[in-house]
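Have a look at the structure below before the remarks.
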Amino acid sequence: MSKIKPSKGAPYARILGVGGYRPTRVVPNEVILETIDSSDEWIRSRSGIVTRHWASDEETVAMMSIEASGKAIADAGITPEQIGAVIVSTVSHFKQTPAVATEIAHKIGAGKPAAFDISAGCAGFGYGLTLAKGMIVEGSAEHVLVIGVERLSDLTDLEDRATAFLFGDGAGAVVVGPSQEPAIGPTVWGSEGDKSETIKQTVSWNELHIGDVSKLPLDSKGEIKFPAITQEGQAVFRWAVYEMAKVAQQALDAAGISPEDLDVFIPHQANMRIIDSMVKTLKLPEHVTVARDIESTGNTSAASIPLAMERLLATGQAKSGDTALVIGFGAGLVYAATVVTLP
Ligand SMILES: CC(C)(COP(=O)(O)OP(=O)(O)OC[C@H]1O[C@@H](n2cnc3c(N)ncnc32)[C@H](O)[C@@H]1OP(=O)(O)O)[C@@H](O)C(=O)NCCC(=O)NCCS
């Protein structure tokens, strides 16, 4: 018989508040056309993107996260001291250690919570949410701050026709806390590492600094290119359209929710055509509000789902208590889908 006392958590968890931060600079497609041979019409029709936000030097990963977190904490109606853990999902924080989560935790006045970063690409929000739910139900934290934040403009090759128009910057945050009823469904998640080459950083930091310079990519002026995100667009597109609709359906089934029960669909904002295709495959009824934040935000990876959630609530397109299906997918390849009650 074990002498260890069991940990005691809440019966269930729910998202209590959401907040977002979008950098001040709005970048229209015209700016992208300065460095690639394309057209506003092509970018709009193939991706759905019209504008995106790019961060200034002052709009760091930490700064954007702190802004989004402040709003999420206020929206949740708690104080920063009540945060027991901070999880930051990002692929674009360039300092390997310490985790940016500790700086954010300190600067929002959260005291001494557990704080760590995770890397799960565009599925990062769902990964963080799943960890937060587990921590609350298990009892290691009462309130968990989950942040998705990216400065993808730093990792964008503006001369790459396949990606230059896709990415944006921003931060989205949610506070997850205890609940007396289920408000975050079972997560359907996974990875397909055999496809890890389809979305990746062009060169590693090691290769950049100590590697064979003759093998490094050069820009049109002959200068060594800073590492950037590259992808096999069509392969990723097909995977997202065919495989992710199945994962979304599994998350609905796991939560016992039919398309008719659903109020809101918040997929990762990667491409408007992927969103449209998923809506069709899942046979979502007309009454379901679909997040189409990509038009003015671009693909902000880990930040895309909480940013879209915040905007739907702020504009009245969705309301507190609505049932929403969220699904993220991207580099890894990784994915995570679940059904949540909106804060
Ligand atoms: C990137 C993406 C928008 C490109 O759209 P696409 O329809 O697949 O485009 P393709 O690469 O098949 O190219 C189609 C044509 O457009 C051309 N093209 C490619 N990029 C172009 C650009 N920026 N402007 C104009 N034409 C372009 C190609 O040369 C090709 O021309 P061709 O038919 O004469 O050979 C799309 O593949 C995509 O969104 N992929 C998935 C992105 C994603 O989900 N990422 C997840 C990251 S989390």
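Remember, it's 1-based here, ligands and their atoms both numbered in the order they're listed.
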Check your understanding: What part of N299 sits under 4.0 Å from ligand 1 if we count only heavy atoms: the side chain, the backbone, both or neither?
Key ->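 Looking at N299 and ligand 1, just side chain atoms fall under 4.0 Å.
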
Check your understanding: Side chain, backbone, both or neither: which part of I43 comes within less than 4.0 Å of ligand 1 when only heavy atoms are counted?
Key ->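 The answer is neither.
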
Salt bridge flag under 4.0 Å for residues [X] and [Y]:
| X | Y | value |
| --- | --- | --- |
| R22 | D293 | yes |
| R292 | E295 | no |
| E103 | K107 | yes |
| D169 | R151 | no |

Note the single closest protein heavy atom to [atom], along with its residue, its atom name and the distance in Å.
| atom | value |
| --- | --- |
| atom 29 (O) of ligand 1 | R161 NH1, 3.3 Å |
| atom 40 (N) of ligand 1 | G233 O, 3.0 Å |
| atom 24 (N) of ligand 1 | S38 OG, 2.5 Å |
| atom 19 (C) of ligand 1 | W42 CZ2, 3.6 Å |
| atom 42 (C) of ligand 1 | Q231 NE2, 3.4 Å |
| atom 1 (C) of ligand 1 | A162 O, 3.6 Å |
| atom 5 (O) of ligand 1 | R273 NH2, 3.5 Å |
| atom 7 (O) of ligand 1 | R46 NH2, 2.8 Å |

Practice item. For V236, take its heavy atoms, then give the atoms of ligand 1 lying under 4.0 Å from any of them. Key: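 In order of numbering, the contacting atoms are 43 (C), 44 (O), 45 (N), 46 (C).
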
Review point. Which ligand 1 atoms does F329 reach within 4.0 Å, using its non-hydrogen atoms?
Key: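 Numbered from 1, ligand 1 contributes 48 (S).
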
Review point. Counting N and O atoms only, with roles assigned by atom type, does the side chain of S47 sit under 3.5 Å from a partner on the main chain of I43, one being a donor and the other an acceptor?
Key: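 Checked: pair present.
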
Exercise for review: Ignoring hydrogens and angles, tell me if any N or O in the side chain of T187 forms a donor-acceptor pair with the backbone of W189 under 3.5 Å.
Suggested key: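 The answer is no, because no donor-acceptor pair under 3.5 Å joins these two groups.
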
Report the relative orientation of the aromatic rings in [X] and [Y]; use parallel for angles under 30°, tilted for 30 to 60°, perpendicular for over 60°.
| X | Y | answer |
| --- | --- | --- |
| W42 | F165 | perpendicular |
| F226 | F94 | tilted |
| Y335 | W239 | tilted |

Exercise for review: Give a yes/no verdict on whether any heavy atom in A240 is under 4.0 Å from an atom of ligand 1.
Suggested key: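 Contact absent.
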
Check your understanding: With a cut-off of 6.0 Å (strictly less than), are more than 12 heavy atoms of other residues, nucleotides or ligands near CD of E30?
Key ->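 It does: E30 CD has more than 12 such atoms within range.
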
Practice item. Assess whether atom CD of E260 is packed by more than 12 heavy atoms of other residues, nucleotides or ligands within 6.0 Å. Key: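 Buried by this count: over 12 neighbours within 6.0 Å.
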
Protein heavy atoms near [atom], is at least one of them under 4.0 angstrom away?
| atom | value |
| --- | --- |
| atom 27 (C) of ligand 1 | yes |
| atom 48 (S) of ligand 1 | yes |
| atom 15 (C) of ligand 1 | no |
| atom 31 (O) of ligand 1 | no |

Review point. Which option, I294, N271, I274, T198, owns the non-hydrogen atom nearest atom 36 (C) of ligand 1?
Key: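 Ranked by closest heavy atom to atom 36 (C) of ligand 1, first place is N271.
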
Review point. Taking atom 44 (O) of ligand 1 as the point of reference, which of S304, A270, C122, A164 owns the nearest heavy atom?
Key: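 Going through S304, A270, C122, A164 one by one, A270 has the nearest heavy atom to atom 44 (O) of ligand 1.
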
Exercise for review: Please say whether Q234 places an N or O atom under 3.5 Å from an N or O atom belonging to ligand 1.
Suggested key: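 Such a contact does occur with ligand 1.
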
Exercise for review: Before signing off on this row, confirm whether H268 and ligand 1 have an N or O atom pair separated by under 3.5 Å.
Suggested key: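 Between H268 and ligand 1, no N or O pair is found under 3.5 Å apart.
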
Practice item. Check step by step if salt bridge (Lys or Arg N to Asp or Glu O under 4.0 Å) holds for D40 and R44. Key: CA-CA 6 Å; D40 178 44; R44 284 177 192 238; 2.9 Å; yes

Check your understanding: How about E59 and W54: does a side-chain donor come under 3.5 Å of a side-chain acceptor?
Key ->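 Distance-only check fails for E59 and W54.
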
